[in-house]
Amino acid sequence: MNKEAKIILIIASILIMIGVVMIYSSSAMYAYEKFGDSLFFVKKHLVYLFIGILAAIWCMATPPKSIAANAKIIMM
């Protein structure tokens with residue numbers, strides 16, 4: 001991994017962590033009152049984040065020609 005890729009990975013990780021903290025801080029009281037769990041929205045966000053990271057890894061591992069050849073199927 002080259003230097004630029006490491007910098008992008010670090011910046012993306014910092015932004016993800018800030019996003020999780022912001023979701024918690026903005027929704028903890030509402031989630032506790034509505035669902036009885038102050039981490040309700042954080043857990044939901046982490047599930048979607050995990051799915052997004054898996055999709056990103058899959059896209060990085062798949063050759064672009066293969067994605068282009070199956071674009072219609074992928075879009076469905």
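Keep in mind it's a predicted model, so treat the numbers as computed, not measured.
S27 OG to H45 NE2: the interatomic distance, rounded to the nearest 0.5 Å, is 10.0 Å. The CG atom of L46 lies 9.0 Å from the CG atom of L39; values are rounded to the nearest 0.5 Å. Separation of atoms OG (S38) and NZ (K43) is listed at 8.0 Å; rounding is to 0.5 Å. Distance CG/N2 to CD1/I7: 9.0 Å, rounded to 0.5 Å. Note that the CD1 atom of I23 and the CG atom of L49 stand 8.5 Å from one another [nearest 0.5 Å]. For the atom pair S13 OG and I18 CD1, the distance stands at 11.0 Å (nearest 0.5 Å).
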Walk me through whether D37 and Y32 qualify under side-chain contact (heavy atoms from CB on, under 4.5 Å). CA-CA 5 Å; D37 181 12; Y32 185 73; over 6 Å; no
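Looking at N70, its side chain never comes within 3.5 Å of a backbone N or O of I73 through a donor-acceptor pair. Distance alone, capped at 3.5 Å, places no donor-acceptor pair between the T62 side chain and the C59 backbone.
I8 and I16 fall into different hydrophobic clusters, where Ile, Leu, Val, Met, Phe, Trp and Tyr residues are linked whenever their side-chain heavy atoms come under 4.5 Å apart, directly or through other members. Note on M22 and M17: same hydrophobic cluster, where clusters join Ile, Leu, Val, Met, Phe, Trp and Tyr whose side-chain heavy atoms are under 4.5 Å apart, directly or indirectly.
Here the side chains of V20 and Y24 are not in contact, with every heavy-atom distance at 4.5 Å or above. Contact check for S26 versus F41: no side-chain heavy atoms found under the 4.5 Å cut-off.
Classified by interplanar angle (parallel below 30°, tilted 30° to 60°, perpendicular above 60°), the ring pair F35/F40 is parallel.
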